[in-house]
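Values reported hereafter were calculated over all heavy atoms of this structure, with side chains retained and with hydrogens, waters and symmetry mates removed. We count residues from 1, following the sequence as given.
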Amino acid sequence: MPGMTNTVSTRLLVLGSGPAGLTAAIYAARAGLSPVVVQGIQPGGQLTTTTDVENYPGFRDVIQGPWLVEEMQAQAEHVGTRFEWDHISDADLTQRPFRLTGDSGTVYLCDTLVIATGAQAKWLGLASEEHMKGKGASACATCDGFFYRGKKVAVIGGGNTAVEEALYLTNHSHDVTLIHRRDSLRAEKILQDRLFAHPNIKIIWHSEVAEFVAGGTPETLVGLDLRDTRTGAIQRIDVDGAFVAIGHSPATELFKGKLRLDSDGYIECETGSTRTTIAGVFACGDVMDKLYRQAVTAAGTGCMAALDAERFMAAMEFEALQAAE
């Protein structure tokens, strides 16, 4: 009938379909919770933009990020997960069942909610950067640093992430350059001390990237054009890999004022748990983890969220039975 709202009711709703959300769905489905996954704007999460994956356990050869996500989704479907192509635009977490509304107009009612909406790396926004993604431009040293063994690499940024990435890259490269637009770093002092003391790291101050320079066949990154932030002068440096490390943006806009977020916008969970500040709402993956941000850790917290949700529902059902006696 015209005007009728499509309603989907489930015991467990998962927002997000990256490794965290899909692992939560696999565990929830196997526990008989018949989960529904709302896939969101970027189905598959950040793994779909990652080509070579060499650090996910269980695969001796390099695998492709999109393929890994497809396998996880197929596994989730096989054990009983239902998928919805939608994006949640409103969430009422004031009472159970929780009520979420999609852009499609569909209303989702759930007893428990697992938030696995992830985070996006911040990029500089240059056309040349976009062109060189996967060909020398990266936003994750721990994901891609291995591919630059013995090569020249640069890190762009001045906070904790940038300094940590520069230090990490010294495991693979003897020539690491940190590029920062100012004359001092924002990173914690202990990290700065380690950076300044490292013989294989040099710093270029007062500089920002003007251009990612491509060359060769097949085309790869061969250098960076740097603009002096004081004079505007351009200098070129030779690099094989450039790591943009200016932070991440967790996808938590929907939950501002509804769940406790930290100063960077990540969902706060109880230590050692995926429980948020609202009973029955759980968070996993990069939306609550700004430290590790790996596919395997996201999957691990997805497992935790499903187990936490299953235990929460079992406790609620037990209390209801006790009250009925």
**Student:** What do the steps show when you test Arg194 against Leu191 for side-chain contact (heavy atoms from CB on, under 4.5 Å), and what is the final call?
**Tutor:** CA-CA 5 Å; Arg194 286 174 57 202; Leu191 286 172; 3.8 Å; yes

**Student:** Salt bridge check: are Lys189 and Asp193 linked by an N-O gap of less than 4.0 Å?
**Tutor:** yes

**Student:** As a quick check of understanding, evaluate side-chain contact (heavy atoms from CB on, under 4.5 Å) for Lys256 and Leu261, giving each step before the final call.
**Tutor:** CA-CA 7 Å; Lys256 284 182 179 171; Leu261 309 178; 3.7 Å; yes

**Student:** What I'd like to find out is whether the side chain of Phe312 reaches to under 4.5 Å of the side chain of Met316, using heavy atoms alone.
**Tutor:** yes

**Student:** What do you reckon, is CZ of Arg96 surrounded by more than 12 foreign heavy atoms closer than 6.0 Å?
**Tutor:** yes

**Student:** Quick check: does any side chain N or O of Asp262 sit under 3.5 Å from a backbone N or O of Asp264, one acting as donor and the other as acceptor?
**Tutor:** yes

**Student:** How about Asp286 and Gln46: do any of their side-chain heavy atoms sit closer than 4.5 Å?
**Tutor:** yes

**Student:** Any idea which heavy atoms bring Ala279 and Phe98 closest together, and the distance?
**Tutor:** O-CZ, 3.4 Å

**Student:** NE2 of His198: more than 12 outside heavy atoms within 6.0 angstrom?
**Tutor:** yes

**Student:** Considering non-hydrogen atoms only, spot the tightest contact between Pro35 and Ala25 and give its length.
**Tutor:** CG-O, 3.5 Å

**Student:** Return yes when atom CZ of Arg11 has more than 12 non-hydrogen atoms of other residues, nucleotides or ligands closer than 6.0 Å, and no otherwise.
**Tutor:** yes

**Student:** Only one of Ile179, Ile204, Thr177 forms a side-chain contact (heavy atoms from CB on, under 4.5 Å) with Leu224, so which one is it?
**Tutor:** Ile179

**Student:** Quick one: pull up CD1 in Ile234 and OG in Ser207 and give me the separation to the nearest 0.5 Å.
**Tutor:** 9.0 Å

**Student:** For the backbone of Ile246 and the side chain of Thr161, can you confirm whether one donor and one acceptor N or O come within less than 3.5 Å of each other?
**Tutor:** no

**Student:** So, does Ser173 use its side chain to make a donor-acceptor pair with the main chain of Thr170 at under 3.5 Å?
**Tutor:** no

**Student:** Surrounding OH of Tyr292 (heavy atoms of other residues, nucleotides or ligands, distance under 6.0 Å), is the total greater than 12?
**Tutor:** no

**Student:** More than 12 non-hydrogen atoms from neighbouring residues, nucleotides or ligands closer than 6.0 Å to CD on Glu253, yes or no?
**Tutor:** no

**Student:** When rounded to the nearest 0.5 angstrom, what distance separates CE in Met132 from CD in Glu211?
**Tutor:** 10.5 Å

**Student:** When you group the ILVMFWY residues by side-chain heavy-atom contacts below 4.5 Å and let the links chain together, are Phe59 and Val69 in the same group?
**Tutor:** yes

**Student:** Rounded to the nearest 0.5 Å, how far apart are CE of Met304 and OH of Tyr27?
**Tutor:** 12.0 Å

**Student:** According to a 4.5 Å side-chain heavy-atom criterion applied to Ile, Leu, Val, Met, Phe, Trp and Tyr, with indirect links allowed, do Val37 and Phe282 form part of one hydrophobic cluster?
**Tutor:** yes

**Student:** Go through it in stages, so that I can follow the logic: the residues are Phe243 and Tyr148, the test is ring-ring contact (aromatic ring centres under 6.0 Å, His included), and I'd like the CA-CA distance, side-chain angles, deciding distance and then a yes or no.
**Tutor:** CA-CA 11 Å; Phe243 295 85; Tyr148 297 93; 5.7 Å; yes

**Student:** List the residues meeting ring pair (Phe, Tyr, Trp, His ring centres under 6.0 Å) with Tyr56, not counting sequence neighbours, and say none if there are none.
**Tutor:** none

**Student:** Under the 3.5 angstrom rule, does the side chain of Asn160 hit a backbone N or O of Glu188 as a donor-acceptor pair?
**Tutor:** yes

**Student:** Is any side-chain heavy atom of His131 closer than 4.5 Å to one of Phe212?
**Tutor:** no

**Student:** Minimum heavy-atom separation for Ser17 to Pro43, with atom names?
**Tutor:** OG-CA, 3.3 Å

**Student:** Does the side chain of Asp52 pick up a donor-acceptor pair with the side chain of Gln64 at under 3.5 Å?
**Tutor:** yes

**Student:** Could you tell me whether the side chain of Gln192 and the main chain of Leu185 form a donor-acceptor pair under 3.5 Å?
**Tutor:** yes

**Student:** Output yes when a side-chain donor or acceptor of Lys258 lies under 3.5 Å from a complementary backbone atom of Ala91, and no otherwise.
**Tutor:** yes

**Student:** For the pair Gln235 and Asp228, evaluate side chain to side chain donor-acceptor pair (under 3.5 Å) and give the outcome as yes or no after the intermediate values.
**Tutor:** CA-CA 8 Å; Gln235 69 159 320; Asp228 189 301; over 6 Å; no

**Student:** Taking a hydrophobic cluster as the set of Ile, Leu, Val, Met, Phe, Trp and Tyr residues connected by side-chain heavy atoms closer than 4.5 Å, whether directly or through intermediates, do Val176 and Leu221 fall within one such cluster?
**Tutor:** no

**Student:** May I ask you to decide if Phe318's main-chain N or O and Gln322's side chain share a donor-acceptor pair within less than 3.5 Å?
**Tutor:** no

**Student:** Is Arg236 atom CZ crowded by more than 12 heavy atoms from other residues, nucleotides or ligands, each under 6.0 Å away?
**Tutor:** no

**Student:** Below 4.5 Å, heavy atoms only, C-beta onward: do Pro19 and Gln294 meet side chain to side chain?
**Tutor:** no

**Student:** Please step through side-chain contact (heavy atoms from CB on, under 4.5 Å) for the pair Ile203 and Leu195, ending with a clear verdict.
**Tutor:** CA-CA 9 Å; Ile203 303 172; Leu195 182 89; 3.6 Å; yes

**Student:** Please answer whether the main-chain N or O of Ser34 pairs with a side-chain N or O of Thr10 as donor and acceptor at a distance below 3.5 Å.
**Tutor:** yes

**Student:** Between Asn171 and Phe146, is any pair of side-chain heavy atoms under 4.5 Å apart?
**Tutor:** no

**Student:** Kindly compute the distance separating OG1 (Thr106) from CG (Asn6), expressed to the nearest 0.5 Å.
**Tutor:** 4.0 Å

**Student:** Flag the pair Leu113 / Leu93 as yes when at least one side-chain heavy-atom distance between them is below 4.5 Å, and no otherwise.
**Tutor:** yes

**Student:** Within this structure, what is the CD1-CD1 distance for the pair Ile267 and Ile115, rounded to the nearest 0.5 Å?
**Tutor:** 4.0 Å

**Student:** Looking at Val163 and Ala187, what are the two nearest heavy atoms and their distance?
**Tutor:** CG2-CB, 3.5 Å

**Student:** Should the pair Asp175-Lys202 be classified as a salt bridge under the 4.0 Å nitrogen-to-oxygen rule?
**Tutor:** yes

**Student:** Count I, L, V, M, F, W, Y as connected when their side-chain heavy atoms are under 4.5 Å apart, and connections chain through other members. Are Leu307 and Leu13 then in the same cluster?
**Tutor:** no

**Student:** Looking at NZ of Lys290 and NE2 of His248, how far apart are the two atoms once the value is rounded to the nearest 0.5 Å?
**Tutor:** 12.5 Å

**Student:** Hey, can you tell me if Trp205 and His180 have their rings parallel, tilted or perpendicular (30° and 60° cut-offs)?
**Tutor:** perpendicular

**Student:** Within the 4.5 Å heavy-atom criterion, are Val114 and Cys284 side-chain neighbours or not?
**Tutor:** yes

**Student:** Please find the pair of heavy atoms, one from Pro97 and one from Asp111, that lie closest to each other, and give the distance.
**Tutor:** CB-OD1, 4.2 Å

**Student:** Strictly distance-based, threshold 3.5 Å: is any side-chain N or O of Thr276 a donor or acceptor partner for the main-chain N or O of Val281?
**Tutor:** yes

**Student:** Is there a donor-acceptor pair closer than 3.5 Å between any side-chain N or O of Thr117 and the backbone N or O of Ala251?
**Tutor:** yes

**Student:** Salt bridge or not between Arg149 and Asp240? Use side-chain N to carboxylate O under 4.0 Å.
**Tutor:** no

**Student:** Going through the checks in order, is the side-chain contact (heavy atoms from CB on, under 4.5 Å) test met by Ile26 and Thr81?
**Tutor:** CA-CA 7 Å; Ile26 289 164; Thr81 301; 5.7 Å; no

**Student:** At their closest point, which heavy atom of Ala20 faces which heavy atom of Ala116, and how far apart are they?
**Tutor:** CB-CB, 4.1 Å

**Student:** Could you state whether Leu33 and Tyr108 fall into the same hydrophobic cluster, counting links through intermediate Ile, Leu, Val, Met, Phe, Trp or Tyr residues with side-chain heavy atoms under 4.5 angstrom apart?
**Tutor:** no

**Student:** Should Glu84 and Val8 count as side-chain neighbours, where that means a heavy-atom distance under 4.5 Å?
**Tutor:** yes

